[in-house]
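The basis for the numbers below is simple: all heavy atoms, side chains too, and nothing from hydrogens, waters or symmetry mates. These numbers come from a predicted model, not from an experiment. Letters A, B, ... are given to chains in the order of the sequence lines, protein chains preceding strands, and every chain is numbered from 1.
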Amino acid sequence: MRRRAPGARRRRPSDREPVRMSRDLRATLFLPTTDFPMKADLPVREPRILERWQRLDLWARLREQARGRPKFVLHDGPPYANGHLHMGTALNKILKDVINRSRQMLGFDANYVPGWDCHGLPIEWQVEQDYRRKGRDKDAVPIVAFRAECRAYAEHWIGVQSAEFQRLGVAGDWQRPYTTMAFEAEAGIFRELAKFLLSGQLYRGKKSVMWSVVEKTALADAEVEYHDHTSTTIWVRFPIVASPIASLHGASVVIWTTTPWTIPGNRAVAYGERIAYRLIEVETVRDGSLARAGERLLLATERLAETADTAGILTFATLDELDGAALAGSVCRHPLAGLEGAYGFPVPLLPGSFVTTEQGTGLVHVAPSHGEDDFELGRKHGLEVPDTVADDGTYTAAAPGFTGLHVFKAAEPVIAALVERGALLARGTLVHSYPHSWRSKAPLIFRATDQWFIPMDGPSGLRAKALAAIEATRFVPAKGKNRLRGMIETRPDWCISRQRAWGVPIAVFVDKRTGEPLRDPEVCERIARAFEEEGADAWWTRDPQEFLGDRYRKEDFEKVDDILDVWFESGSTHAIVLERRADLAWPADLYLEGSDQHRGWFHSSLLESCGTRGRAPYDCVLTHGFVVDAKGEKMSKSKGNVISPLDLMKTHGADILRLWVVSADYSEDIRIGKEILEGLGESYRRLRNTLRYLLANLAGFRPEERLEPAAMPELERWVLHRLHELGRLVVECNESFDYVRLYGAILNFCTVDLSALYFDVRKDALYCDAADSPRRRAARTVLDILFDCLTAWLAPVLVFTAEEAWLARHPGEGESVHLRLFPELPESWRDPELAARWERIRAIRRVITGALEIERKEKRIGASLQAAPVVYLPRPEDRAALAGVDLAELAITSGIEIVAEPPPAGAFTLEDVPEVAVVPRLAAGSKCVRCWQILPEVASSPESLCRRCTAVVERHAARAGAA
RNA sequence: GGGCCCGUAGCUCAGCCGGUCAGAGCGCACCCCUGAUAAGGGUGAGGUCGGCCGUUCGAUUCGGCCCGGGCCCA
């Protein structure tokens, strides 16, 4: 029993008061009823809904229904067919799905064909691991057999991932996805390559790659292990023979290297443009030092002390100080110049962004055959890339004085030669991390090898075309444009060859006499046909003469055995999927991937398409950030902060995961963690309960109940206005791909406008009014509209829940919320004047609830129906605003008195609602046992009913009697 | 180490071109309801707008540096 508030003179109407009910009043009420459960139980319910969709073949129905509508093509960036889904792939596919479903419901034909990237090293590597476990030797297996195993491996993971994506609720053509290893895809990819070949955009050049002299093969980054290695280090003089700077004449630059064997391959020296250098003259040296008093040396100021110490230079004088940029145009002599009459070429000083002052001398010896940086710098400045080392690690004739020597045994001979020519300044040893082969564990070298390239700045002007295409493309968010542009501007020629097995071959013949690739459309066509028939294996299984036909003899040609870079393959998917399939279209409306794909798929697709078609394969590129943990740090096994979408599916359900996707700003990194998931659960429950309230109060709704908006109370018209606003937001936000804004607005609408206001206020009319009361009919009409709108708007995100709710009302066999369109809302619902007025009305309501809250705290009231406050509204326009509004109904009080006069002292006010004051007052009368309002009229009712309830109950009794 | 990007209440997000209180929802606290009930309503407390230094009459909003984080290179 609650204690009565001290000083309360009037006896509080109490709920505990025994009420004599002569009839079962509850039977006369329209209490909410529905089978739609409050508890979602998504992990159990979602799979059932999924099965139903499959039974219905919902996808086929969607396609059927959308036939002839304008197409919306989101071209799927193919995930790699290896391993289970992680949060990143889940985010990506869900975002795509939300967009596709939204476009479909906006009236487009949003066909979505998912794809997989199948070729490439990771799978090859896995299969090879398997071999090793079983003690088999990959090199002993025929390439075609090896490829078959790779194919089977990819096939397996496509099946796994497909099921996992579908479990996420992702809709798409899962029966006919695309894969890069399908025969027609392999043929199509080759056809794209042939376009580059035939248009002269393919050349063979040299590139420095990681090479194992033991296995005699190039290695990819993933096959490289880093171990400590002790290297002989040397400091070498390069005499300056020409320079715009007079003080440098007769001086030497000093370089430092950990690979003496690369000296014969030297072709330049790199400096840092922003590094400070100093020209010194050696004065005194330690005994045994290779430095000479009087000689002049150039090196980075920052490296001076340490180098002098190492070289045994005791004292020196500074002759000059200069910025790196000043070194441009200077030329040195090779330190081995004259050896066997060779090395006489000039060695230019070139600016290199990779030069640092952390180690060495701030001057880097550049051997284009033996390093990535070296190679790129050489390419940029047209340096020769000498073939100094053979595949077995021995020097070729291009390294005079050392030919035949193995590079791993070359340090001492090279040093001896340098000493002999007075070029060596100092030597030492260094233990450092050095690349080794994962197979043989032998140290690796960089070696110049033959590779195939697509030129960026050749006659076709690929770079310029790509840059122009970027300008013509919409980027969401806009910053993606700069990122991609920056990469295209500076990237080197595209090296598309790999010395691997699992991929599409660079099916090219090279003329043995000229070294030029054979450019013959007929030959290319014969190859493509063969690939279509039996896959790219044909390149290895068929007799080359079959491809060459009658006009060429295979003896005259070298058959290239390299395969294509997988980025060329995925970069070609726009051609092999969008152009080939009649149910799609080229170019794509949208490419959507993580921000790493600026370097990857966005990039390769752009180049491929610009090279073959002169424009981008997409009109719009959308990028999202990466999934990180609750603290914003990347997930990793070692940190133990990895969250799996598959686990979340079991604990929370796909709809929660999907809600997560639209609740976060995907343009930046997206966090996920326990607290975030709990928050999403709250949001989900709010949405679910909103749907449940609608369903429960729409029980037995018949179309005849409907009322025209014009005949509705203002409260209903205000809800319709809000719906119209949201309807516009749906279109707007889909246009801008702004789902946070949209779903934030919908959630707010459900919380603030519906739950806290409309639903709460209308419970009285819905439960207690007569079935045919205009007020109740209006409310039910609006609930029906709300249900239509909300289920549609939520359908792209809460694919399962929206379906469950829809079926709860429309249980037809073939029914699905996903077969609907977003409702078109009449312009007549828009009423800004009413909306503005209701802003004020809600502010007035806030003053009332605020005043009642104090009464509650003071224990003078409990339920708001116990009050009938006095509201002071001195402003005439405020009183006018309330003309057609029942303020007591709105505030859920049993009565209200509006007074035009200024309020008495002590009346309740709110700072931000001027000219509104409330004096709380208890409602007079007795409590109606049916609707719980406290009204004077109830006192005179023998049954303790208000007038409204009396009428309803009597009619109910009459009907019951008649029946 | 380089390029690009990010850092607003416990959480997720708003805050246009610099100048009236830095807002919303959720969570939290307290209260109420018990005919949306493992629901619902009300009220309230939470922010050095990452830090420092500048530009300015004035900066969360501009510039620089630092710290933390991410992607891509090296």
[N] phosphate, OP1 or OP2, under 4.0 Å from [X] side-chain N/O:
X: A:Arg686; N: B:A39; result: no
X: A:Thr849; N: B:U43; result: yes
X: A:Tyr743; N: B:C13; result: no
X: A:Lys763; N: B:G35; result: no
X: A:Ser663; N: B:C13; result: no

Expected string for nucleotides 62-74 of chain B under the B/S/- scheme (protein heavy atoms, under 4.0 Å, primed atoms plus P, OP1, OP2 as sugar-phosphate) is -------SSBSSS
Please determine, for the side chain of [X], which listed nucleotide ([options]) has the closest atom?
X: A:Pro32; options: B:G42, B:C32, B:A36; answer: B:A36
X: A:Leu31; options: B:U43, B:G35, B:U37; answer: B:G35
X: A:Ile676; options: B:C11, B:C30, B:G25; answer: B:C11
X: A:Glu675; options: B:U43, B:C11, B:C26; answer: B:C11

What integer distance in Å separates A:Lys857:NZ from B:C33:C1'?
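Interatomic distance, NZ of A:Lys857 to C1' of B:C33: 15 Å.
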Could you tell me how far apart A:Lys674 (NZ) and B:C26 (P) are, to the nearest whole angstrom?
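Rounded to the whole Å, the gap is 20 Å.
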Using a 4.0 Å heavy-atom cut-off across all strands, classify A:Arg930 as base, sugar-phosphate, or nothing.
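It contacts base atoms.
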Just so I know, are the side chains of A:Glu668 and A:Pro477 near enough to count as touching, which here means a heavy-atom distance under 4.5 Å?
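Heavy-atom side-chain distance check fails, nothing below 4.5 Å.
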Face-on cation placement of A:Arg809 at A:Phe787 ring, 6.0 Å and 45° thresholds:
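Ring-cation test returns yes.
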A:Phe36 ring centre to A:Arg688 NZ or CZ under 6.0 Å, with the angle to the axis within 45°?
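Yes - A:Arg688 lies over the ring of A:Phe36, closer than 6.0 Å to its centre and within 45° of its axis.
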Return one dot-bracket line describing RNA chain B 5' to 3' (Watson-Crick or G-U wobble pairs, both distances under 3.5 Å; ( ) same strand, [ ] crossing, | another strand, . none).
(((((((..((((.....[...)))).(((((.......))))).....(((((..]....)))))))))))).
